Structures are given as C-alpha cells and as structure tokens.
Q: 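I'd like to ask some things about the structure below.
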Amino acid sequence: MILIWLIAIPVAGGLAAWLLDKWAPGAPRWTALVAMLLNLLIGLRLLAPAEGPWLVAIDVPWIDAFGIRFHLAIDGLSAVLITLTNGLGMIAVACSWHEIDRRRGFFFFNLLWVLAGIIGVFSALDLFLFYFFWELMMVPMFFLIAIWGHENRIYAAVKFFLFTQIGGLLMLAAIIGLYIVHGRATGIYTFDYNALLGTAMAPPTAMWLMLGFLIAFAVKLPAFPVHSWLPDAHTEAPTAGSVILAGLLLKTGAYGLLRFVIPLFPEAARTFAPFGMLLAVIAILYGALLAFSQTDLKRLVAYTSISHMGFVMLAIFAWNELALQGAVIQIVCHGISTGALFIIVGMLQERLHTRDLRRMGGLWDQMPRMGGMALLFALASLGLPGLGNFVGEFLILIGVYPVHRTLTILAALGLVAASIYSLWIVQQAFHGRARETRHRLTDLTGREGTILGALVLAIVWLGLYPQPVFTLTRPVLDRMLQTARSAPATPLKITLAPAATARAAGPVEGDWHADR
Amino acid sequence: MMWQQFTPELYHFAAALLFTALSMTRRVDNRRDYWVALSLAGGGLIVCLAAVRAEGLLFLNTYKVDLFAQLFKVLLSMGLFLVVALCSELNGVARRWHSEFYLLLFTCTLAMMLLVSSVHLISIYVSLELSSYSLYVLVALRRDAAMGTQAALRYFLIGIFSSAIMLFGLALLYAATGLTYLSDLVQVLPGVIDQPLVLVAVVLTLGGFFFKLALFPFHFWAPDVYVGAPNQLAAFIATASKVAAVAVLLRVVAATGGQETLLVDSLAALAIISMTVGNLAALVQKDFKRLLAYSSIAQAGYVLIGILCMSPEGADAAIFYALALLLMKFTCFLAVVKIAADGGNPSLDALAGLHRRSPLLALALMMAVFALAGIPPTIGFTAKLLVFSAAMHKGYLVLVLIAMFNVVISLYYYLLIVKAAYLTEPAVETPAPVLSLSARALTTALIIAIVVVGFYPNPLIVMARQASSSLF
C-alpha cells in the first residue's frame, strides 16, 4: 500500500496544484511542497533492511488479456533511489519558489508528475509497467523545458523528447521480444521481471534484445555517442528542471542498466562489457574535455554530468561488488552535488541575468556565502576526500582495476580533468576581478541557504559515513551478482583484446568477467 | 425473424427516409434538423448496442450478422452520433442544405453497415459504392462551392478509378476461382494464393478498400478532401469511414488464409510506404486539417500491420486500433470544428494560446495528439502495443522496427500541434472558442475515454478477441 501512496501523492498533489492555481497564486507551490514532504516522510520508512528479497511489494492483475500485472516492489536499491527522488523533489519545489512566475499551477503539476513517473520507474517490476512509467515521465519533462526554459527552450525540449523516445521505442520492441521469446519457451506469456529472469535464449537473440534495452538506458544515462540531447536540455531547462534531469532522470538510465540489462541478459551483457567500458571511458574524458571548453556556466555543469555518469556506466559493466557499491554511491552523490551546482547557477542567473562565465568574476566579494557553497560543491564534484563523490569514484576505480587496467588508468585521468574544470568554475566566477560593473548583489537568502545547507549536510554525511547506503544496497547487489553469474555459460565468439588483458590480470574472487 | 437481425440497418434506412421527407419541406429550420438528427443518431447507437449479440445469415447467405459485424456497427453508429453532435454549428454547409447533409450521412452510415456485414463479393462492392457516392455528394456541399466541388471532383475521380481497379480484381478472382462467396473463397484461396493470377486479383480487389482507408497508393485524395470538405464531414471521413474500411479489409484478407505468402509481403510494403509517406508529408504541413489527413495516411499503415498478420492477435489489434482511431481522430476534429467556428479551415497558428482560451479543448487536443503518437497511458499506445506485439508474434521484426522509426518521425509533428496549443501565444488576440455545456461534457467524456481505455483496456481487448474469433 505504501508503494501506491508514494506514487499517488505526487499525482494527486500535481492535480491539486493545477486546480488550485485559479484559487490562490501561492497555493500550487505550498501544495507541491507539502506533497513532497509527505512523500519524503513516507519514503523514509522504506529505509530498513529487508527480510526477503523485497521490502514491500504489491502485485495485482492489470491487463489479463496480455499477462500484464500491476507489480511494484522495493528493495534496498530502490528505496535509496526513491529517497533521493523525494529529497531532490522537495529541493526542486523549493528552488522554484520565486523563479517560476507564470502558469505556476501547471508547472508544479508537471514537476510532481515527473517525480511520480520516476518513483514508478524505480519500483516497477513488471516490464510493461516499467515502460509505462518510463514514458510517463517524458511528457511532463517536455513541458517543463518547453514552457519555463530559457532562450532555446523549444528546440531543446523537442530534441530531448525525440532522443528519449527513440530509445524508449527500441526498449518497447525489446520488451515485446522478450515477452514473446519467454512465452514461446515456457508457454507462459508474462511481463513479470522475476519470471523473465533467466529466460533461456539463443545468444544472437539475447544480444539484440539487450541492445534494445541498452540503447534506451544509454540515451538516458547519457552515454557516448547518444549524449547530445543532454547539454541542450540541461542548459535550457529551468533550475528545477535541470535538478531533476541531472539528479534523477539520468539515474533512471543507470538504474535500468543495473536492474534490467545485466540481470536479464547476463551473457550478452558480458560480451558487450568491453565495449560498454570503452564507451564509458570515452564519455568520462570527452565530457570533461567539453566541459572545460564551455563559457556558459550551466552548459559546463551539464557536460560534467556526462563525465560523472561515465563512471557509473564503467562500474556497471565491470560488474563486481566494489564497483557496483561505488556506482550506487556515485549515483546518489552526483544527484546531490550536480543538483546543487545547477541550483547555484540558477541563483546566479536570477541575480546577474547571464550564465556567461566571461561576464562573471569577483563575485566572492559580494556573495561570500554563495561562493563558499559553490566551492564546496565544486570540490565534491572533483572528488575531494571527505565528500560523497570521492567514495563513489574511488570504489569504482578500485573495482574496475582488476577487470581492466588500462581503462582504469584512463578513467582516473578523468579525475584530473574534473579538478581542472571544477576549480575553473570557482576561479572564473567567484575569484579575480569583476569583469563588468554591477549593482549590489544580495547574498544567499534564508530559503536559498536552507536548500544548499540541506544538500551540504547530505554530501558531507555520505562522504564521512556512507555505511547506511552500503548496508541497504549490499544484499540487493549481491543477489544481482549471483543472478548474473549463475547464468549458463554459452560459448563466446567474440574475443577482444581488453578481455585478454582482464584475464592476464588474474581472476578476482567472484569476478563476472573472469568466469569465461 | 430474419428482420430482427437487420434492425440497425432498417433503423438507419428509416432515418434516411425521414430526412428525405424533411429535405422536401419548404421551411428551412436548422435547429430542428440538428435535434432530429442527433436524437436519431443516438437512437441508432442504442439500436446497434441492443443488436450486438445478434447472429445469422441473411439474403441467400450474402449477408452475415455476427459479433464482428455488430461490433463494427456499434462503432459506426457511435461515429455517426459523435459527428452529428458536432453539427450544432454547421457553418461549413449552406443553411438550405442541412437536411440533405444529414440525409447523406445516414445513407453513408447505412451503406457502411451493409459493408461490414457483406460476405459476398457483389454485395461488398455495392455497399462500398453506396457509401462512396454519399460521400462524394457530401464533400460538394461545402458552402465555399469552388473549394467543395474541386475536392469532391478529385475524390470522385480517384474513387471511381479505385473502384474500377477493384472491379477488375473481382472479375479476375471470379475468373480464377469461379466463386463469389467469401465463405467459399476461404476454402479455396489458401491453396491457390501463390498463383500470380490469384495474387494479382486479390491485391487489385483490396485496392477498393485501400481507397477507403486512404492507404498508399490510393491516398492522394485525402489531403484535398479533408481540406475541401466541411469540417464535420472531414471528421466523419476520418473516423467512421476508416472504421468500415478496417472491418471489410479484415474480412477479405482473412479469407485468403493466413500463411506466409507474397500477399503478406506486398501488404507489408504498402504499410511501410503509407506510414513513411504520411509521416514525412505531415512534417511540413501548416494547415491543421491537411496535417491530420497525412497523419491518417500514416495511421492507416499501422492498422494494416495488424491486418496483414492474418492472425487472431492481428485482428484483435486492428479492431482495437479502429476504435482508438475513432476516438483520437474525432477528438482532433472536435478541436478543428470548435476553433474554426465560421466553418473555415484552421491553420496550425490558429491554435496559438489555446491553453488559455479554452483549457479543456487544449487538454483534449493534447491527449488525442499524444494518443495518436502512441504515448502511454492513452488508447493510442495500447493500440500500437497490440499491433506491434501481433506483428512480432509473427516474426515481422523489421516491419515493427520500421513502424517504430515512423512513430518517432510522427512525434515531431504531433509535438508541433502541442507546441502550437500550449507554448505559443497568438500574435493577434483571437476570441475563445465557445463550448456549450453539452460540448464540454462531450469533450470531458472523450478525454476520460482516451485515458481510461488506455489505462485499463482489458474488457475491450477481450471483446475484440471474441469478435475476431469468427474470422479465423
């Protein structure tokens, strides 16, 4: 029942916000804030170790004629991600408090429906239902960008929509394909995740189906070379939209890889893993390089997301416990730190009416508090020990090292690049001499300080004591590792140089790659 | 006994006769005509619903009453009722011709009802022609006579061309098999479908139905007729007329067997070309109705995928798709009619700021457009899912991928409609469309139907399954 509430509250809150808009101009934002607070509190109850594989589940027939069930279930991984969703959702509502000045009701309606869709994605265990939520989050996001975005908003929104739809439709084809393959083999036509796990199929079929899923998630993640929607969408979206895009929507891609691609198609994913890791490293370096060459601050932050999410993809394709633990922490911390950076950019834009780095400089004098916050999150982004992102990236690199040394070293170069662009942000925007005369700027207001303060607490806590997240997610990751490892081995036709290197490095205990 | 099974047809025949009488009265009273037509169409819907479980063979076995036919008759009468409900401001037709307009709508519906029940080649041909001729005249009733006549003439010329092709196909079919009953053909055709003569005969025969469905290469009339016809009539052509075409195509294609043959390949080719041509042409349209016409051509391609599967799943999908098309297209045309209150042709720009001028209408249009684009949770998504999974059951993976690629192309122009309605503001302030209380109720009902059926399609899928069981 709790699962229904988690989705129903944002849905109902969104509708209420929309309808109340006529009644009082301030009503939508309060409705949205209360709804998300309620959701956060309810969601906190989920952060408990599970007895069985699933903490809570709901499973009722939905479209019987097609074997589709309304099956939602949560384990530790989903619970962590849902808490992140609720938390960032509240932050997103709070940072739109004054920024959104027209069609407020519709804005908060869209915002809450995106969040409802994301929570659905993180908890759906019926593939059809998953696709349903996957699509449900697209349309409101399209409106968020297209109505309340900046200059090129419609172009960015349409590009975002088309990219994700291409991926989504390929995933739909793969879902139907898996449904039919499983139905032919067993006579039971179902979309249920648990039933579909371990479906026996010919390697080429598995490869094609996996690619269908993979492309959808890679677009969302975003992985090189399907990342080009991201800079536009992130840059043009309003602050809350950027926070949700970077903090949550990208995570649905990582979650999909983790939950669906590898457990459902372990053999095909193993064959693909060297390519996946290679693409991930390209994303890390390429994203960092592009980030460094931006002059639009928001675009710069957007490109850093590509680089950081590359680490997550690298970890997932390395598929061992350390790397996966790192990926989960990285997912959470990137959501927080990048969300915070986008919020700071939004605040700067509200004050300066520009996002151009070349027109900033010397802001520290007038806004020391904001400068401090920006410095802290920039340091988080570059992976300073003591802050959450360091834990994630460090674990990922340790986990990936035995699988592939060269790629690990290259990925570590990404950290160097991250230091450059992160410090560049602070140096260009806040230090130095002011490059143009400007009026007096107000430092952080109470509302802004509270928002950023909450995020600081979260990122420091995760940096110093990430154990709760590990405790929650370890059983889930262990089970996933088990599932993917126990799959029947099929002879592989493609042998790649990276795989050979991996073997040379010696098998690691429980290494997925070494099983071949 | 026999006549009871024939009630829906008799009812619509009587209604048409009544309008013949009304059209001969000297006094022109549009309100009277409207209310008479609306109540008759509502009654027709009830009659069809009451007769949905009727079964039997009539008229020397040329006319089959089964769940399949009766279900389509319900859809047709629903289409008629919805279109008549839009006619309260029938400004696209001169005032003195209103009763003729209703008369022909009823005869056309009658003809399409005959069509979905016909199981004999000649009765199929005759009812197809009857429905087409009603439409030719209806198109010409446009108040702007030059525009109406031009569209009607084009419609007529392509129509008789396609029916000539169809007749030729029927003649060849008779020459090859010596049979005219579908029930006999279904015994013989599967064995001989690979003979070139039979294949050509079947494809040519289908040409007549492709014309109805606006499928490549018989689609050229659609954009001009949609633009040239009165808006309400364009709604009728886009909904009821398509539903009837799907029904008859299902019946005839099912009679050819259902094996992997050259026929499937040629139908698949037509589906692909239709989708691609429709979607690519729609990308550049500025006129709202013309855009909807090209979108219809593309949608016809998706329906054909369900039909060419020649499997029970495919038939379910096509039946469901017909219902979905009826609701989605009608909702779009509801917006067209309400925006162009003067009976003119609205451009996409005329939609600007609709979300402010009429939030309900904008919401309905958005839902319909997202349904056409196949985005959940709408009826259009379920329909596409059914079609695609039926095709994948048959192993037509490439066809499905091409269709999905087309869906992505179509998203762009569907988003243009949403953009026009939700994101742009009008250059000059235009008056808000007037929605009466009943129009509001209708619009709300359509929104609810599109979402609810999309969210919980189970009963309708079961219904479609029962209906299609008589085909195979």
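Below, read A as the first sequence line, B as the second, and so on, with proteins coming before strands; counting in each chain starts at 1. Since the model is a prediction, treat every value here as computed from it, not as a measurement.
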Q: Is any NZ, NE, NH1 or NH2 atom of the basic residue among A:D21 and A:R104 found under 4.0 Å from an Asp or Glu carboxylate oxygen of the other?
A: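 No, A:D21 and A:R104 are not salt-bridged.
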Q: Sort A:R153 into side chain, backbone, both or neither according to what part of it lies under 4.5 angstrom from a heavy atom of chain B.
A: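 Contact with chain B is absent: no heavy atom of A:R153 under 4.5 Å.
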Q: Hey, can you tell me if A:W148 and A:F107 have their rings parallel, tilted or perpendicular (30° and 60° cut-offs)?
A: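 Ring orientation of A:W148 relative to A:F107: perpendicular.
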Q: Would the A:F109 and A:F143 ring centres measure less than 6.0 Å apart?
A: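 So the answer is no for these two rings.
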Q: Within a radius of less than 6.0 Å around CZ of B:F405, do more than 12 heavy atoms belonging to other residues, nucleotides or ligands occur?
A: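 Counting neighbours around CZ of B:F405, 12 or fewer heavy atoms of other residues, nucleotides or ligands fall under 6.0 Å, so no.
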Q: Counting only non-hydrogen atoms closer than 4.5 Å, does A:W18 touch chain B with its backbone (N, CA, C, O), its side chain (CB onward), both, or neither?
A: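 Side chain of A:W18 only, per the 4.5 Å heavy-atom cut-off to chain B.
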Q: Against chain B, work out which of A:Y179, A:Y131, A:F133 has the most heavy-atom pairs shorter than 4.5 Å and name it.
A: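 If we count pairs closer than 4.5 Å to chain B, A:Y131 comes out on top.
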Q: Do B:L267 and B:I307 have side-chain heavy atoms sitting under 4.5 Å apart?
A: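 They are not in side-chain contact.
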Q: What part of A:I63 gets within 4.5 angstrom of chain B, counting heavy atoms only: side chain, backbone, both, or neither?
A: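 Both parts, backbone and side chain.
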Q: What residue in A:L136, A:I166, A:I175 has the most heavy-atom pairs under 4.5 Å with chain B?
A: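 Winner by heavy-atom pair count: A:I166.
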Q: Relative to chain A, which segment of B:R465 carries a heavy atom at a distance below 4.5 Å: side chain, backbone, both, or neither?
A: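 The side chain, not the backbone.
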Q: Look at B:V400, B:L397, B:L386, B:T382 and state which one has the largest set of heavy-atom pairs under 4.5 Å with chain A.
A: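 Option with the greatest count: B:L386.
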Q: If we define contacts as heavy-atom pairs under 4.5 Å, which of A:I68, A:D64, A:V158 has the most with chain B?
A: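 Most heavy-atom pairs within the cutoff with chain B belong to A:D64.
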Q: Counting only heavy atoms closer than 4.5 Å, note whether B:L401 contacts chain A via side chain, backbone, both or neither.
A: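 Side chain only.
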Q: Using modelled atom types and a 3.5 Å cut-off, is there a donor and acceptor pairing between side-chain atoms of A:E99 and backbone atoms of A:T239?
A: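 Yes: the side chain of A:E99 pairs with the backbone of A:T239.
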Q: Of the listed residues (B:L385, B:L416, B:V418), which shares the most heavy-atom pairs with chain A below a 4.5 Å separation?
A: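 Of the options given, most contacts go to B:L385.
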Q: Assess, by modelled atom type and distance only, whether the side chains of B:N406 and B:N279 contain a donor and an acceptor separated by less than 3.5 Å.
A: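 Short answer, yes.
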Q: Go through the atoms of A:Y189 and report whether side chain, backbone, both or neither lie under 4.5 Å from a heavy atom of chain B.
A: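 Contact with chain B: side chain only.
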Q: So for B:Y412, is it side chain, backbone, both, or neither that comes closer than 4.5 Å to the heavy atoms of chain A?
A: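 Its backbone and side chain both get close to chain A.
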Q: Chain B heavy atoms under 4.5 Å from A:I154: which part of the residue, side chain, backbone, both or neither?
A: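 Contact with chain B: side chain only.
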Q: So do A:F161 and B:I375 actually touch side chain to side chain, heavy atoms under 4.5 Å?
A: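 In short, these two side chains touch, coming nearer than 4.5 Å.
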Q: Do the ring planes of A:F260 and A:F213 sit parallel (below 30°), tilted (30 to 60°) or perpendicular (above 60°)?
A: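 Ring orientation of A:F260 relative to A:F213: parallel.
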